[in-house]
There are 2 protein chains.
Amino acid sequence: MSTAASPRALEHPTRDQIGLEGVLHALSDAVRLRIVRDLAREDDALSCSYFDLPVTKSTTTHHFRVLRESGVIRQMYQGTAKLNALRKDDLDALFPGLLDTVLTAAEAQAGRRDGAEGV
Amino acid sequence: MSTAASPRALEHPTRDQIGLEGVLHALSDAVRLRIVRDLAREDDALSCSYFDLPVTKSTTTHHFRVLRESGVIRQMYQGTAKLNALRKDDLDALFPGLLDTVLTAAEAQAGRRDGAEGV
DNA sequence: ATGCTCGTACGATACTCATCGTAGTACGGC
DNA sequence: GCCGTACTACGATGAGTATCGTACGAGCAT
């Protein structure tokens, strides 16, 4: 084995290292907001490849990293796939209602946009 | 001379031009979050000079502009002063509960920090 | 082992942004 | 008219970031 210690450890902030500004910044990007919405809708850990994002794989990796380092999601390897899950418990403990409110707001905005253009 | 019509008009987005990503981005900066907290606490329009921010006036102007252009605050001139007010009605209509939840989260985080370091 | 798929690392690039200093404009008071 | 106060505009700068392409590493299936 070797490969120097645990080859695929992922850095996550502890609960008390999560900052509001960082979370808001992580959520202020359209691509990342969409990832979080999907994650919340499925309410389960999803692999990166589940998402059909309008960016390349490199950029996808980048966005997942921002989400992880800000404390919004938790990532763990499972074979070749990497599973992503919302840290809903931590976020709810730190900022009660924030995640739900943002998600509701995102849905509302998506609805407005559909309604405005569509049909 | 003249000063051409209304000399000091300020551009504001209309309610339906306000986007969630922009609002979250505006709130994801510590200086701006503090401005918004003060504005919410006073529940009144405040002049720029009311705030004692750890940045220069140029930078302050910049932050107020970001807040205005994202739709978080409304600004209007009153003599030489410029008054700033939260667009709470618009934000509540678009994203119900968002502003309150973020403000509560900000207070909670500030409380945690005070409690952690200080006496 | 060979190859396939999933995801990472690295380098490059172009853009945004937070910050500042200086110079300027608008308004109100003297 | 003149000056001070309040804020803005402009230019510069350094840091961050969103994006990509290419090359690599880890695990699974055959």
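Chain A is the first sequence line, chain B the second, and so forth, proteins listed ahead of strands; every chain is numbered from 1.
Listed by residue number, the members of residues 40-58 of chain A with any heavy atom below 4.0 angstrom from DNA chain C are A/Ser47, A/Cys48, A/Ser49, A/Lys57, A/Ser58.
Residue A/Thr61 places none of its side-chain N or O atoms closer than 4.0 Å to OP1 or OP2 of C/dG7. An OP1 or OP2 oxygen of D/dT19 is reached within less than 4.0 angstrom by a side-chain nitrogen or oxygen of A/His63. A close approach under 4.0 Å does not occur between any side-chain nitrogen or oxygen of B/Arg65 and OP1 or OP2 of D/dC7. Note on B/Thr80: every side-chain N or O is 4.0 Å or more away from OP1 and OP2 of D/dT5.
Using a 4.5 Å heavy-atom threshold, the side chains of A/Val55 and A/His62 count as separate.
Atom P of nucleotide D/dA18 and atom CG of A/Leu27 are separated by 13 Å, given to the nearest angstrom. Taking atom CG of residue B/Leu83 and atom C1' of nucleotide D/dC7, one finds them 12 Å apart after rounding to whole Å. One can place OH of A/Tyr77 at 7 Å from C1' of C/dG7, the figure rounded to the nearest angstrom. Summarising the geometry, the separation between CZ on B/Arg34 and C1' on C/dA18 is reported as 16 Å, rounded to the nearest angstrom. Computed from coordinates, the A/Ile35 CD1 to D/dA18 P distance equals 11 Å when rounded to whole Å. Across the protein-nucleic acid pair, B/His62 atom NE2 and D/dG14 atom P stand 18 Å apart, rounded to whole Å. In this structure, A/Asp29 atom CG and C/dT16 atom C1' are separated by 13 Å, rounded to whole Å. Atom CG of B/Leu67 and atom C1' of C/dA18 are 13 Å apart (whole Å).
With C/dC6, D/dT19, D/dA6 as the candidates, the nucleotide lying closest to the side chain of A/Val31 is D/dT19. If you check C/dA18, D/dT17, C/dG28 against the side chain of A/His25, the one that comes closest is D/dT17.
Annotation: B/Asp52, atom CG; neighbour count of heavy atoms from other residues, nucleotides and ligands within 6.0 Å does not exceed 12. Within 6.0 Å of CZ on A/Arg65 lie no more than 12 heavy atoms contributed by other residues, nucleotides or ligands.
Here the CG-OH distance, from B/Leu10 to B/Tyr77, works out to 5.0 Å after rounding to the nearest 0.5 Å. Note that CG of B/Asp100 and CG of B/Asp92 are 6.0 Å apart. Values are rounded to the nearest 0.5 Å.
Checked by atom type and distance alone, the side chain of B/Asn84 pairs as donor or acceptor with a backbone atom of B/Leu46 at under 3.5 Å.
Side-chain contact of B/Thr104 with B/Thr101: a donor-acceptor pair under 3.5 Å is absent, judged by distance alone.
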